[in-house]
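Following: one structure in structure tokens, then a few remarks.
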There are 2 protein chains.
Amino acid sequence: MSESRPRIVPEATVARLAVYLRVLAGLADGGRSHVSSGELASAAGVNPAGLRKDLSYLGPCGVRGVGYSISGLRDRLTEVLGGERSRPCVLVGIGRLGSALADYTGFASRGFQFAGLLDSDPRQVGTEVGGLVVRPVEELEAVVAETHAAIGVITTPAEVAQSVCDRLVAAGVRSILNFAPVALTVPAGVDVRKVDLSVELQVLAFLDQQRDGSPPVVAALRATGGAR
Amino acid sequence: MSESRPRIVPEATVARLAVYLRVLAGLADGGRSHVSSGELASAAGVNPAGLRKDLSYLGPCGVRGVGYSISGLRDRLTEVLGGERSRPCVLVGIGRLGSALADYTGFASRGFQFAGLLDSDPRQVGTEVGGLVVRPVEELEAVVAETHAAIGVITTPAEVAQSVCDRLVAAGVRSILNFAPVALTVPAGVDVRKVDLSVELQVLAFLDQQRDGSPPVVAALRATGGAR
DNA sequence: ACCTGTGAACACGTTCACAGCG
DNA sequence: CGCTGTGAACGTGTTCACAGGT
């Protein structure tokens, strides 16, 4: 009903919109009412023209000759990113990383809410993390049903990640964020995003090594490289 | 001296090489001696042709009609990725996320070693995490000098990330992995990679919402999208 | 017959330069 | 005159199809 233009938004742009939203939140305290694309871009670490192109996917939302209304843009981004209704997520695997995520206040403040925490270790079950009590992994299906969670986060060891994933999908979860270092197989219609922390470090080490070892030979790093 | 061909390797490829290496490590136990690009690709979650192209950057390292020698390829990848000499890293900010990283055995087994842990909270200082004693952030420069660390990992709150970054750079660190949700400014010659956990979740939520809300309108997701 | 290695085609994302509006 | 919005150019990364060995 409030949808003005049904344009398609590239995924790379969506990721940056989330960054712009965070920068705007910090800027709102400054008492200013408007920002230019140049200011926002430098705060977000991107190219000004790219930022304007990103925002253009949402339809015109700035004022020519002036800039973008901080509060107006913040509201528009929040609307587009779906931050209105808070989305229930379930998190499976409450080790160090899982605890860190469950406890991260940045999620809650941005419309996310962990509605269920699950672990297979009896010593973890029953403990409280980030305001929630950890439940046994056997109750996975029940928790998904209770909370109507559409998003699942997997922070288990690699060996059990696929079976946890299968159970999440069977229970109705259609979006999964996977921190386990394995490629998950899912049926069509389910979306998986993978975050691999050790790969990030290894890429960094490679670039570092390459700079030292062979000065003339430098890897091509434009699109995703450097400070993004 | 062992460098056979000084080709340039795209960054996207480097990231996948690290994944192949991990898959190979798991495969080595199986008693087999060779794998085909198809098998490796499906285990790594990528396209077979893309995998072959990735490996071709290292020069020919397979046998036509047969496949790739598991141990041979593993050694080659290890060599290229620089896993020979273990690289000392310093980690600043020992909160939940920092502890998770310091404790993650996946790093140590792949040629990484956290040589120094630093935190500004007096209650954290002196505690032991992942076999190392946490030291006060004031000693950052000294720790970098002692350990000859070339890689720094930042898991501090956003507010102090830039100043920590500045001090790391001044101390000689030239590669930084940033988990704090801010864009860091660094001088030329320093490489920063950013991992933003809340952005990952937000992208997932957007895609999820878009699927429900407007079936005909789907975001363009080819390159980075879907299960990678 | 099989599987690797690779040039060529394609799609995506980024950057540039300027038109358009306030 | 300033800043947004955007088509067009560019570069990178991915996919395809087949040539080249074993």
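Lettering follows sequence order; numbering is per chain, from 1. Since this is a predicted model, take the numbers as computed values, not measurements.
Atom pair B:L40:CG and C:dG5:C1' shows a separation of 16 Å (rounding to whole Å applied). For the pair A:L17 CG and C:dG13 P, the interatomic distance rounds to 13 Å; values are reported in whole Å. Separating the CG atom of B:L58 from the P atom of C:dT4 is a distance of 14 Å, rounded to the nearest angstrom. Taking atom CG on A:L55 and atom P on C:dT14, their separation rounds to 14 Å, with Å as the unit. Computed from coordinates, the A:H34 NE2 to C:dG22 P distance equals 15 Å when rounded to whole Å. Taking atom CG of residue B:L51 and atom P of nucleotide C:dC3, one finds them 14 Å apart after rounding to whole Å. Between B:E11 atom CD and D:dG13 atom C1' the separation is 12 Å, expressed in whole Å.
For A:A12, the side-chain atoms get nearest to C:dG13 when compared with the rest of D:dT4, C:dG5, C:dG13. Closest to the side chain of B:S56, out of C:dT14, C:dT6, D:dG13, is C:dT6. In the set C:dG5, D:dT15, D:dG13, the nucleotide with an atom closest to the side chain of B:P10 is D:dG13.
With a 4.5 Å cut-off on side-chain heavy atoms, A:V90 and A:F114 do not count as touching. Here the side chains of B:V92 and B:V160 are not in contact, with every heavy-atom distance at 4.5 Å or above. A:H34 places none of its side-chain heavy atoms less than 4.5 Å from the side chain of A:I70.
Residue A:Y68 places at least one side-chain N or O closer than 4.0 Å to OP1 or OP2 of D:dG5. Residue A:R16 places no side-chain N or O under 4.0 Å from the OP1 or OP2 atom of C:dG13. For D:dC16, the OP1/OP2 oxygens have a side-chain nitrogen or oxygen of B:N47 closer than 4.0 Å. Between A:S37 and D:dC3 there is no side-chain polar atom (N or O) within less than 4.0 angstrom of OP1 or OP2.
By the salt bridge (charged side-chain N to carboxylate O under 4.0 Å, His left out) test, B:R174 is found to be paired with A:D212, residues two or more places apart in sequence or in another chain being considered. Residues that satisfy the side chain to side chain contact (heavy atoms under 4.5 Å, CB included) test with A:A158, not counting sequence neighbours, are A:P181, A:V182. In this structure, the side chain to side chain contact (heavy atoms under 4.5 Å, CB included) partners of B:S71, at least two apart in sequence or on a different chain, are B:S69, B:R74.
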Could you go through nucleotides 8-10 of chain C and list every protein N or O atom that sits under 3.5 Å from one of its N or O atoms, giving the distance for each pair?
{"from": "C:dA8", "atom 1": "N6", "to": "B:K53", "atom 2": "NZ", "distance (Å)": "3.4"}

Protein and nucleotides 18-22 of chain D: nitrogen or oxygen contacts under 3.5 angstrom:
{"from": "D:dG20", "atom 1": "N3", "to": "B:R64", "atom 2": "NH1", "distance (Å)": "2.9"}
{"from": "D:dT22", "atom 1": "O4'", "to": "B:R64", "atom 2": "O", "distance (Å)": "3.4"}

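Taking each heavy atom of B:V199 and A:A15 in turn, the nearest pair found is CG1-O, 3.6 Å.
Each of A:A49 and B:C61 was assigned the nucleotide of DNA chain C with the nearest heavy atom; the assignment lying further toward the 5' end belongs to B:C61.
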Taking only distance into account, with no hydrogens and no angle test, what donor-acceptor pairs under 3.5 Å do side-chain atoms of residues 17-25 of chain B form with protein atoms, sequence neighbours excluded?
{"from": "B:Y20", "atom 1": "OH", "to": "B:D54", "atom 2": "OD2", "distance (Å)": "2.7"}
{"from": "B:R22", "atom 1": "NH1", "to": "A:S198", "atom 2": "OG", "distance (Å)": "3.3"}
{"from": "B:R22", "atom 1": "NH2", "to": "A:D196", "atom 2": "OD1", "distance (Å)": "3.3"}
{"from": "B:R22", "atom 1": "NH2", "to": "A:D196", "atom 2": "OD2", "distance (Å)": "2.1"}

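When B:V164, B:D166, B:N178, B:V169 are each tested for a side-chain contact (heavy atoms from CB on, under 4.5 Å) with B:L184, only one passes: B:N178.
Note on B:E11 versus B:R16: no salt bridge recorded, every NZ/NE/NH1/NH2 to OD/OE distance being 4.0 Å or above.
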